[in-house]
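Numbers here simply count residues along the sequence, with the first being 1. Please read all numbers here as calculations on a predicted model, not as lab measurements.
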Amino acid sequence: MVDYLTEQHWKRFVPETMQRELQTTSDYLQAKEIFWGQFDAAKHADTFPGLRAFIENTRRYRLGGSEAHGTALTLDEFKDALAEDCRKETRLKMTELMNVKKCHEVEVAAAVVASLCNGMATSQPNTKLEDILVIDAGDGKGYLSSRIALEHGIQVLGVDCNEENTSNAEKRLERLKNKIPKAVKKSNLEEDEYFTTLVKEDKLDTQYRSATQLIDFNTDLIELAREYFPQGNHSTFCLCGLHTCGNLGPNCLRLFHQNPTIKGICNVGCCYHLMQEQFVVDEFYNPTKVSDNPGFGFPMSNYLRARSFYLGRNARNLAAESIERACANRENPSDKLGYRALLQVVFLECGERKSHQVRRLKCSGFVDYVRKSVRRLALEERVTITDASLLELEERFAVELEQLKVFYLIRQQLAPVVETLILLDRLLYLRECGYERSFLVKLFEPVVSPRSAYKPSLEFSVKAFLR
């Protein structure tokens with residue numbers, strides 16, 4: 001998007017049929033309405049057929065679309081695939097310490113992990129539910145792990161390599177204990193034997209523990225379990241993770257394959273922009289951000305590796321977007337996206353051709369944006385332009401700035417297509433490793449739980465696997 005104006009992306013990348021249909025500010029405004037209304041079955045029109053065909057075509061190549069049919073299960077289909085006595089549901093309504101988005105994700109994911117554990121216990125000879133330990137990779141503040149322990153009575157070890165996260169998880173657990181009696185009463189579960197015992201005996205500490213540690217391919221999970229749950233007899237593990245960042249998600253799948261004591265995995269990946277790819281060099285790659293999860297996050301499958309396939313950072317950033325959220329909220333991109341594209345014009349006119357990362361900043365308009373950006377980048381001596389010239393430039397590109405907002409939606413329409421490719425690569429890796437009972441499962445409602453590059457989660461983001 002930085003080079004949108006200077007590299008003429010509209011002419012280079014938008015199909016010619018759409019270019020002919022969309023030429024004026026009025027056209028661009030109508031185009032946005034078509035994008036926003038694509039999930040509204042009541043809206044029908046015959047304007048801009050090329051644009052409508054593009055929207056329909058992209059929807060075919062996403063999980064759930066006709067070209068990817070059968071590659072993902074709905075949550076109900078996943079539950080139906082389990083034996084009835086293995087299915088677990090969330091009954092305890094406890095939103096006090098989570099926002100709506102996080103609460104939705106945690107309630108659904110916790111029930112899925114509990115269902116997996118019950119399925120593992122019934123399908124593995126001589127294995128009881130109490131013999132299974134859930135390991136939450138990238139535990140963070142313990143949202144998912146504490147809910148699994150609290151709601152379903154399964155022992156969980158939350159593991160995070162960041163000591164501050166572990167400390168926050170322990171503090172949150174103490175606050176959580178005080179909320180349990182109220183939540184049990186609010187959920188009309190006072191007569192439930194399990195929750196009654198939980199409230200009376202304060203058993204949460206014996207069910208959930210947190211550890212500051214990095215789990216790698218050499219970690220002895222049985223020994224780790226003995227350290228934190230010395231009274232247990234854990235020899236079977238379920239590995240889970242809600243928003244495993246960057247390479248952590250792929251490495252969890254590799255760990256599942258390499259460690260025979262891990263019998264099940266449920267992994268929700270996120271932050272694709274932090275993955276390291278094997279066949280492309282990321283100009284802005286920061287190794288310090290992924291030092292704890294080395295290796296390559298993409299591609300995983302032999303199929304794509306044999307083709308030296310790569311996405312690039314722009315595509316990985318895009319894969320984290322949510323077109324559903326944009327349509328539900330009728331979102332326009334921030335004006336600063338256009339300001340950054342205009343700033344690139346300024347740079348070129350001033351002879352500044354080096355790539356720069358401006359990053360986020362607060363501003364009151366285009367002129368203010370340019371002034372603050374130039375100061376941040378220490379380019380005051382090289383980038384000299386008057387306020388009047390900046391205002392004239394903004395006026396000159398007024399139509400293109402409205403066009404840019406449509407281009408942004410065109411890109412966003414491709415987001416689930418790119419994410420589908422990433423997820424299918426992970427699924428194919430497991431299938432290539434011999435795990436035929438591995439699935440993509442649609443867990444979250446995309447509008448409630450949208451994904452962006454910095455607040456991740458999306459409809460088809462969960463992989464639930466069972467050996």
Side-chain angles (χ1 to χ4, degrees), residues 1-3 13 61-63 67-68 71-72 137-138 161 214-219 239 241-259 262 265-321 355 357 411 414-436 438-440 451-454 456-458 460-465:
M1 299 300 291
V2 169
D3 298 321
F13 299 123
Y61 288 93
R62 55 184 295 176
L63 292 175
E67 296 298 327
T71 54
C161 59
L214 175 66
I215 293 179
D216 58 26
F217 304 115
N218 298 316
T219 303
L239 184 63
L242 181 58
H243 307 328
T244 48
C245 187
N247 282 358
L248 178 58
N251 281 345
C252 281
L253 302 188
R254 295 186 178 103
L255 180 62
F256 167 72
H257 174 53
Q258 295 184 22
N259 194 321
I262 304 175
I265 180 169
C266 177
N267 186 263
V268 185
C270 80
C271 296
Y272 301 132
H273 65 295
L274 293 179
M275 289 193 307
Q276 186 176 7
E277 292 192 60
Q278 185 172 359
F279 300 110
V280 66
V281 177
D282 187 345
E283 180 182 359
F284 299 109
Y285 176 70
N286 185 350
T288 62
K289 289 189 176 183
V290 292
S291 58
D292 296 324
N293 284 284
F296 299 111
F298 183 87
M300 293 191 71
S301 67
N302 291 330
Y303 180 83
L304 289 186
R305 289 174 61 208
R307 289 158 175 76
S308 300
F309 190 88
Y310 65 89
L311 291 167
R313 184 182 177 89
N314 279 339
R316 286 184 281 114
N317 272 332
L318 181 60
E321 297 289 340
S355 296
Q357 279 190 307
R411 289 177 70 254
L414 292 165
V417 179
V418 180
E419 187 179 38
T420 294
L421 178 60
I422 294 172
L423 297 185
L424 288 177
D425 173 61
R426 296 181 182 186
L427 177 63
L428 183 55
Y429 163 80
L430 287 163
R431 295 286 177 88
E432 290 174 345
C433 290
Y435 306 113
E436 291 302 318
S438 50
F439 309 95
L440 296 168
R451 185 196 295 272
S452 70
Y454 304 98
S457 77
L458 183 65
F460 281 104
S461 58
V462 173
K463 285 72 66 182
F465 308 105

Colleague: Heavy atoms only: give me the nearest A315-V418 pair and the separation to one decimal.
Modeller: O-CG1, 3.5 Å

Colleague: Counting only heavy atoms not in F279, do more than 12 fall under 6.0 Å of its CZ?
Modeller: yes

Colleague: Enter the distance from N267:CG to L248:CG here, rounded to the nearest 0.5 Å.
Modeller: 7.0 Å

Colleague: Check step by step if side-chain contact (heavy atoms from CB on, under 4.5 Å) holds for L63 and T71.
Modeller: CA-CA 7 Å; L63 292 175; T71 54; 3.2 Å; yes

Colleague: Has the side chain of R431 got a donor or acceptor atom that lies under 3.5 Å from a matching backbone atom of S438?
Modeller: yes

Colleague: Measure from NZ or CZ of R305 to the centre of the six-membered ring of F309, then state whether that distance is under 6.0 Å and the direction lies within 45° of the axis.
Modeller: no

Colleague: Just by modelled atom types, is the Y272 backbone N or O under 3.5 Å from a matching donor or acceptor in the E419 side chain?
Modeller: no

Colleague: If you count the non-hydrogen atoms of other residues, nucleotides and ligands that lie under 6.0 Å from CZ in F296, is the total more than 12?
Modeller: yes

Colleague: Test L428 against N302 for side-chain contact (heavy atoms from CB on, under 4.5 Å), laying out the working first.
Modeller: CA-CA 8 Å; L428 183 55; N302 291 330; over 6 Å; no

Colleague: Measure the shortest side-chain to side-chain distance between R313 and E277 over non-hydrogen atoms and say whether it is less than 4.5 angstrom.
Modeller: no

Colleague: Treating N317 as the side-chain partner and H273 as the backbone partner, does any N or O pair qualify as donor plus acceptor under 3.5 Å?
Modeller: no

Colleague: Counting C-beta onward and ignoring hydrogens, is there a side-chain heavy-atom pair between N251 and T244 closer than 4.5 Å?
Modeller: no

Colleague: How many angstroms lie between atom SG of C161 and atom CG of L214, to the nearest 0.5 angstrom?
Modeller: 6.0 Å

Colleague: Checking D425 side chain against P299 main chain: does a donor-acceptor pair fall under 3.5 Å?
Modeller: no

Colleague: Less than 4.5 Å apart, side chain to side chain, heavy atoms only: is that true for M1 and R411?
Modeller: yes

Colleague: Taking all non-hydrogen atoms of both residues, which atom of C252 and which atom of A137 are closest, and how far apart?
Modeller: SG-CB, 3.8 Å

Colleague: Under a 3.5 Å threshold, yes or no: a donor from one side chain and an acceptor from the other, between Y435 and H257?
Modeller: yes

Colleague: Report yes if the side chains of I265 and L255 come closer than 4.5 Å at any heavy-atom pair, otherwise no.
Modeller: no

Colleague: Donor-acceptor check, side chain of R62 to backbone of P416, threshold 3.5 angstrom: yes or no?
Modeller: no

Colleague: Rounded to the nearest 0.5 Å, how far does CG of L427 lie from OG1 of T420?
Modeller: 11.5 Å

Colleague: For the residue pair Y310 and Q278, confirm or rule out a side-chain donor-acceptor distance under 3.5 Å.
Modeller: no

Colleague: Can R426 and F298 be said to form a side-chain contact (heavy atoms from CB on, under 4.5 Å), step by step?
Modeller: CA-CA 9 Å; R426 296 181 182 186; F298 183 87; over 6 Å; no

Colleague: Measuring from atom CG of N218 to atom CD of Q258, what distance do you get when rounded to the nearest 0.5 angstrom?
Modeller: 9.0 Å

Colleague: Which distance, rounded to the nearest 0.5 Å, do you find between the CG of D216 and the CG of N259?
Modeller: 10.5 Å

Colleague: Would you say N247's side chain and G295's backbone share a donor-acceptor pair under 3.5 angstrom?
Modeller: yes

Colleague: Check for a donor-acceptor pair, side chain of R316 on one end and backbone N or O of M275 on the other, with a separation under 3.5 Å.
Modeller: yes

